[in-house]
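I have placed the structure first, in the form of structure tokens, so that the comments after it can refer back to it.
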Number of protein chains: 2
Amino acid sequence: MPDGTNTGRPRTRIQQRNRDLILGAALDVFSLNGFRGSTLDEIATQAGLSKPNLLYYFPSKDAIHTELLSGLMDTWLDPLRDLDAHGDPIPELLAYVERKLEMSRLYPRESRLFANEIVQGAPRILSALQGDLKHLVDEKVVVIRGWMDTGQIAHVHPYHLLFSIWSLTQHYADFDVQVRAVLGQEEPFQEAPAYLKGIFLKILTP
Amino acid sequence: MPDGTNTGRPRTRIQQRNRDLILGAALDVFSLNGFRGSTLDEIATQAGLSKPNLLYYFPSKDAIHTELLSGLMDTWLDPLRDLDAHGDPIPELLAYVERKLEMSRLYPRESRLFANEIVQGAPRILSALQGDLKHLVDEKVVVIRGWMDTGQIAHVHPYHLLFSIWSLTQHYADFDVQVRAVLGQEEPFQEAPAYLKGIFLKILTP
DNA sequence: CCTTCCTTTGACCGGCTGGTCAAATACTGG
DNA sequence: CCAGTATTTGACCAGCCGGTCAAAGGAAGG
């Protein structure tokens, strides 16, 4: 019956299991090759299912990708949502940096999926970027500007400050190969938290 | 005659022109879709040539990609090479940041080509990362450590410092779509130089 | 003008692409 | 155990993929 499965039925264990298998495999493949560079055969093999079986659960390659992206968008913005306007500004921002870095460490595939999509022009999520993302950012920038105006943190361009946080934290997931090639033995995530905390403290201290 | 054209012959105007056309078109296409997501037909169309004509000048899709990457690697590392051990440390590092940011502004396609390659696991340039790149970085890190030990700049993890510079500057090329979606009207490269200069001054001041 | 070499192309190839379908198989409630 | 439904699959399709090739078209020197 599945595919879109818009009928409000509750989804059986086997449906749940196979959808999870497919989405997991698709995350592996899409995050490594981008949308156009990935094939259904590869996803099917990775998931341990046959290709027609994939298409029994999802109507198309596009649908799998869209499902992944839209499911991820929320999770990805959660750390920013949790930035508390009523918290202590500097610890609050440092905690945000830490949460974002933790996302890179725990969910590198998700980070790379986004990176691929955006590097390649964000054809499928541009509207989400201009909508949900921009609105959330605008809202939080008001908070940050407030902290700056009351002298609680240094005055820097708030949008570019957020870009810095995204860029620096996601770098450890997206450019993992390069980071490891340069570091050699050293584990990237051993020093990264302290390093980032240190530099953002300098950036934010008034 | 072309293809590999290992014969030492000087290359005619028409050969030069068509090779340039192909490499330019390939840069457009590869940087937007990654290697596997790009097709020879697309590159040929973009170059205004027929597909067999492409393959008259380059032996394979792979060869075009490799040519682009290896040609780019040097250019990409030039700003770091120019970091002068005998210069004034802080201005020297800020100038490096500026050069890297300028690269993102002027050569976003090249930046995205690298980003695609590395995000996707750097299958074709891993050895260059572990070789040329690592050696150059190791060499410059010695210089930077020297500056730290003599108290001329603040003590921070030198490798992660370089990652920061790469990450922050390349972000404006690689995530251009997202940056613009969030900023709305404002031109990213209007505020970016001053912003980055400001934060790196804070990071580096002892 | 002819010859020679460089350049361009249309037609073609086997293999892979996303996707379909009917038939076979497993699972479930009665 | 059976009926009915959910799941799985082999065979298949048209179109695209990277790449080949023989033959045609151009340029340039003698």
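Since we're looking at a predicted model, the values are computed, not measured. Within every chain, numbering begins at 1; the chains are lettered A, B, ... in the order of the sequence lines, protein sequences first and strands thereafter.
With the nearest nucleotide of DNA chain D identified for both Asn53(A) and Asp62(B), Asn53(A) has the one nearer the 5' end.
In this structure, the CD atom of Gln16(A) is 16 Å from the C1' atom of dA6(D), given to the nearest Å. Whole-Å rounding puts the Ile43(A) CD1 to dG18(C) P distance at 8 Å. One can place CZ of Arg19(A) at 16 Å from P of dA6(D), the figure rounded to the nearest angstrom. Regarding His65(B), its NE2 atom lies at a distance of 13 Å from the P atom of dG19(D), rounded to whole Å. The CD1 atom of Ile22(A) sits 12 Å away from the C1' atom of dT8(D) (whole-angstrom rounding). Look at CG on Leu55(A): it is 15 Å from C1' on dA11(D), rounded to the nearest Å. The nearest whole Å value for the distance from the OH atom in Tyr57(A) to the P atom in dG19(C) is 18 Å. Rounded to an integer number of Å, the gap from Ile64(B) CD1 to dC17(D) P is 14 Å.
Listed by chain and number, the residues in a ring-ring contact (aromatic ring centres under 6.0 Å, His included) with His171(B) are Phe175(B) (sequence neighbours excluded). Judged as a salt bridge (charged side-chain N to carboxylate O under 4.0 Å, His left out), and not counting sequence neighbours, the contacts of Asp41(B) are Lys51(B). In terms of the ring-ring contact (aromatic ring centres under 6.0 Å, His included) criterion, residue partners of Tyr195(A) (sequence neighbours excluded) are, by chain and number, His160(B). Applying the salt bridge (charged side-chain N to carboxylate O under 4.0 Å, His left out) rule to Asp88(A) yields no partners; only residues at least two apart in sequence or on another chain are considered.
Dashed line: the shortest gap from a side-chain N or O of Asn18(B) to OP1 or OP2 of dT8(C) is under 4.0 Å. Taking 4.0 angstrom as the limit, Gln15(A) places a side-chain polar atom (N or O) nearer than this to OP1 or OP2 of dT7(D). Regarding contacts with the backbone of dT9(D), every side-chain N or O of Tyr56(A) stays at 4.0 angstrom or more from both OP1 and OP2.
Using a cutoff of 4.0 Å between basic side-chain nitrogens and carboxylate oxygens, Arg81(B) and Asp78(B) are scored as salt-bridged.
Sorted by first then second residue, the side-chain hydrogen bond (donor to acceptor under 3.5 Å, both in side chains) pairs that include residues 136-147 of chain A, not counting sequence neighbours, are Lys134(A)-Asp138(A), Asp138(A)-Tyr159(A). Among pairs with a residue in residues 90-103 of chain B, those fulfilling salt bridge (Lys or Arg N to Asp or Glu O under 4.0 Å) read Glu102(B)-Arg105(B), at least two apart in sequence or across chains.
Residues Ser167(A) and Ser167(B) bring a donor and an acceptor atom of their side chains to less than 3.5 Å of each other.
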Contacts under 3.5 angstrom, residues 184-192 of chain B side chains, donor-acceptor by atom type, not counting sequence neighbours:
residue: Glu186(B); atom: OE2; partner: His157(A); partner atom: NE2; Å: 3.0
residue: Glu187(B); atom: OE1; partner: Arg180(B); partner atom: NH1; Å: 3.2

In 5'-to-3' order, the base (B), backbone-only (S) or no-contact (-) status of each nucleotide in nucleotides 24-30 of chain C, using a 4.0 angstrom heavy-atom cut-off, is ----S--
When you check every protein heavy atom under 4.0 Å of nucleotides 11-17 of chain C, what one-letter string (B, S, -) results, 5' to 3'?
B-----S
